[in-house]
Structures are given as structure tokens and as C-alpha cells.
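Structure first, commentary second.
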Amino acid sequence: MPASSPCTQDERTMTRSDLVNQLAERFSQLTHRDTEFAVKTMLDAMAEALARGHRIEIRGFGSFSINRRPPRMGRNPRSGEQVLIPEKLVPHFKPGKALREAVDRQPIDAPDTPTPQESTAV
């Protein structure tokens, strides 16, 4: 993996520590500890806002909101007995237009995934 890549574990996964490292490199006036604190503070503030039922909108990136999943009847896979699954509130992310366009422009290097033309060739 190239040294300029922001990801360390899996080539397609960026962790919190990867984000902290990238920001610390980009903003050399901040110490690594200050960068960790800034990232933690921002993520904590976002989590608290969502927990209070607020919507978070970051222009050009996307918006975070809470979706309600109504109660429903499920089935216990072991016994087959019907079970009531209670209502649930779940976080939801909707990417903004700029993020969608940026992701769409970036080619994904996946050598083990055949292209549609390759998979039809025999």
C-alpha cells in the first residue's frame, strides 16, 4: 500500500485513528493529542445531537438524521414462535450531492472483480 494512503488496516477502511493521523499530518501546528481531542469532540457532539433527535447537516458532505422503525412481528428462528419486535430509532446518513459526485468520479481499484465485459467473455 502506498505511503500516501489514508487507510492502514484494510485498504478500503478508514478508521478513527487513520483520520486523526491524516489530520495531524495536514495541520502540523496541532499536536497528535490535540487532533485526537478535536476528532473525539466532534464525533461526540454529533452523537449527542442525534441522541437528542436533532438532524445534522454538513453542506456538500451529507446529513445525519434519525429514522423510526415501527414495531413489527418477527419469528424466533429456533422455535418458530412469533415475537413482537419493539420500535427502534436508528441513525441514517444521506450523502450530499458533492460527496456523491466525488465518489462517482473516483475509480475503485478492484482487480479481483471482473468488469461486465470480462464476465461475459468466454
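All of these numbers come straight from a predicted model, not from anything done at the bench. Only this structure's heavy atoms are used, side chains among them; waters, hydrogens and symmetry mates stay out.
Minimum heavy-atom separation, Gly60 to Ala98: O-CB, 3.3 Å. Shown here for Ile85 and Gly74, the closest heavy-atom pair between the two residues is CD1-CA, 3.8 Å. Nearest approach of Ile58 to Phe64, heavy atoms of both residues: CD1-CE1, 4.4 Å. Scanning both residues, His32 and Asn21, for their nearest heavy atoms gives NE2-OD1, 2.7 Å.
Annotation: side chain of Phe93 is not in contact with side chain of Pro91 (no heavy-atom distance under 4.5 Å). Considering only heavy atoms from C-beta on, Ser65 comes within 4.5 Å of Arg55 through its side chain.
Residues Phe37 and Val39 fall into different hydrophobic clusters, defined by Ile, Leu, Val, Met, Phe, Trp and Tyr side chains chained together at heavy-atom separations under 4.5 Å. Linking ILVMFWY residues whenever their side-chain heavy atoms come closer than 4.5 Å, directly or via other members, leaves Ile56 and Val90 in distinct clusters.
How far CD of Gln29 is from CG of Asp34: 10.0 Å, rounded to the nearest 0.5 Å. Interatomic distance, Gln82 CD to Arg72 CZ, rounded to the nearest 0.5 Å: 12.0 Å. Interatomic distance, Ser63 OG to His92 NE2, rounded to the nearest 0.5 Å: 7.0 Å. One finds the CD1 atom of Ile66 at 10.5 Å from the NE2 atom of His54 (value rounded to the nearest 0.5 Å). Rounding to the nearest 0.5 Å places CG of Leu89 at 9.0 Å from CG of Asn67. Distance CD/Glu25 to CG/Leu30: 13.0 Å, rounded to 0.5 Å.
Thr15 and Asp18 share a donor-acceptor pair across their side chains, judged by distance under 3.5 Å alone.
By the neighbour-count criterion of 12 heavy atoms within 6.0 Å, atom CZ of Arg52 is densely surrounded, having more than that number from other residues, nucleotides or ligands. At most 12 heavy atoms of other shown residues, nucleotides or ligands fall within 6.0 angstrom of atom CZ in Arg33. In Arg69, the CZ atom is not crowded: 12 or fewer heavy atoms of neighbouring residues, nucleotides or ligands sit closer than 6.0 Å.
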Full working for side chain to side chain donor-acceptor pair (under 3.5 Å) between Asp44 and Thr41: CA-CA 5 Å; Asp44 287 349; Thr41 301; 6.0 Å; no
Residue pair Gln22, Met14: steps toward the side-chain contact (heavy atoms from CB on, under 4.5 Å) verdict: CA-CA 10 Å; Gln22 191 174 13; Met14 181 178 219; 2.8 Å; yes
side-chain contact (heavy atoms from CB on, under 4.5 Å) assessment of Arg16 paired with Lys40: CA-CA 9 Å; Arg16 179 190 286 209; Lys40 181 182 180 334; 4.1 Å; yes
